[in-house]
Amino acid sequence: GKETRLRVVLRVRPLTCSEARRGDQRVVHSLGDGTVHVSAARQDATFGFSAVFDAGDSQEAVFEGSGMRQLVELAIDGFSCTVFAFGQTGSGKTYTLMGPLGQSETHAASPALLGLMQRSFACLLEQSRSRGSDLALSASYLEIYNEQIRDLLSPGPPCTLPLRWSKTRGFYVENQLSVDFESLEAIASLLLQGSQRRRTSAHALNRHSSRSHALLTIHIRSRNVSSSSPPPWVQQASACPSRQGTLCFVDLAGSERVKETGSSGELSIEANNINRSLLALGHCISMLAKPRGKRTHVPYRDSKLTRLLARSLGGSGVTLMVACISPSSRCLSETLSTLHYASRARRVTTRP
Ligand code: ADP
Ligand code: MG
């Protein structure tokens, strides 16, 4: 019940081959100690975060240094935990969360490139074994595409699901499929299946741009019974209600300027929907970042995304935000906007 700040970390991806080829300058430099410096013609600014990962940092370093492991443990303990990646399109959000999986259907990624999600799954299953507790695990996977919620795990063409609100549950998605799993292979294959059904399109900035926000949630039920026969005093503990935690991974579709990505027609309708929901998220974060006394109404209801993230942002969740940026001079204005947005998010608090 204590007020806890959102944890915000930053990841700067390497220059891509095409950025390097056309001679883009690197304008973002990590100074160590969680600070990053942006220097360009008329811009010169320093920002601080809980951690900063530079172009050379491995996926493992991001997992270990971001606090992701602790988040997994909190979810096992019954908290509602969320990690979300945000930033401009092509800044490395999907790569950070799932590694190169989203991009190649043919070969599996090398273990070193696995993202926060696969590492968390491994950690979760390992913890579940070592604690000897009886954990029941299941997963659901949704996307928000053009302001519609679609189930990525249900068979057949993605069906649209209604978003409801109740006093006890807050906002929730009705009839979403939740699939039980017990092994790493099973959850990895659910992730792959669902990700392949996500809406992506190619545009000028990213060949596999995600056109939807995707939310994969792991539901963790701990039944509090030990498998060996418990000593008498534990019998009482097993009578206490089971704990239920969640671990939710949110891969936000990236913000984009329609001009830069060369989107038109259907692509620009998608872009407008993406930008509108990100704007709504920005408004909620600005409001939540104000001291409690100065806060007025938080506009969660402005988009499906903010309704689904209401608990993570302002309620009882524990939240980790991974801001992703490109180091290139050409992305400067989007990079600065991501950095300002992420800095503001550091003042948001929840009561887990
Ligand atoms: P986003 O999801 O933000 O739109 P992606 O994750 O798809 O962006 O990344 C865009 C491109 O940059 C991809 O080709 C990806 O492989 C590459 N990339 C992103 N981050 C890294 C990184 N840390 N190291 C190497 N390549 C990266
Ligand atoms: Mg993506």
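When a ligand or atom number is given, it counts from 1 through the structure's own listing order.
- Relative orientation of the Phe121 and Phe249 rings is perpendicular, given thresholds of 30° and 60° on the angle between their planes.
- If you look at Pro14 next to ligand 1, the close heavy atoms, those under 4.0 Å, all belong to the side chain.
- Asp54 and His29 form no side-chain donor-acceptor contact under 3.5 Å, judged by distance and modelled atom types alone.
- Here's the thing with Tyr95: one of its N/O atoms is less than 3.5 angstrom from an N/O atom of ligand 1.
- Close contacts between ligand 1 and Gly92 involve ligand atoms 1 (P), 3 (O), 5 (P), 6 (O), 8 (O), 9 (O), 19 (C), 20 (N) [criterion: under 4.0 Å to a heavy atom].
- For the residue pair Met98 and Ser195, the shortest heavy atom distance occurs at SD-OG, 3.8 Å.
- Using a distance-only test at 3.5 Å, with no hydrogens or angles considered, a donor-acceptor pair links the side chain of Arg11 to the main chain of Asp57.
- Residue Gly90 places a heavy atom less than 4.0 Å from ligand 1.
- Residue Thr94: an N/O/S atom is found under 2.8 Å from the Mg ion (ligand 2).
- Considering backbone and side-chain atoms alike, Lys93 places an N or O below 3.5 Å from some N or O of ligand 1.
- Note on ring orientation: taking the six-membered ring where Trp is involved, the planes of Phe49 and Phe47 are parallel (angle under 30°, cut-offs 30° and 60°).
- Residues Thr338 and Gly87 share a closest heavy-atom pair of OG1-CA, 4.0 Å.
- Within ligand 1, counting atoms from 1 as listed, the ones closer than 4.0 Å to a heavy atom of Thr89 are 4 (O).
- Between Thr94 and ligand 1, at least one N/O pair is under 3.5 Å apart.
- Between Val28 and Ser326, the closest heavy-atom pair is CG2-O, 4.0 Å.
- The shell of residues lying under 4.0 angstrom from ligand 1, judged by heavy atoms, includes Gln88.
- For the ligand labelled ligand 1, residue Ser91 lies inside the 4.0 Å heavy-atom shell.
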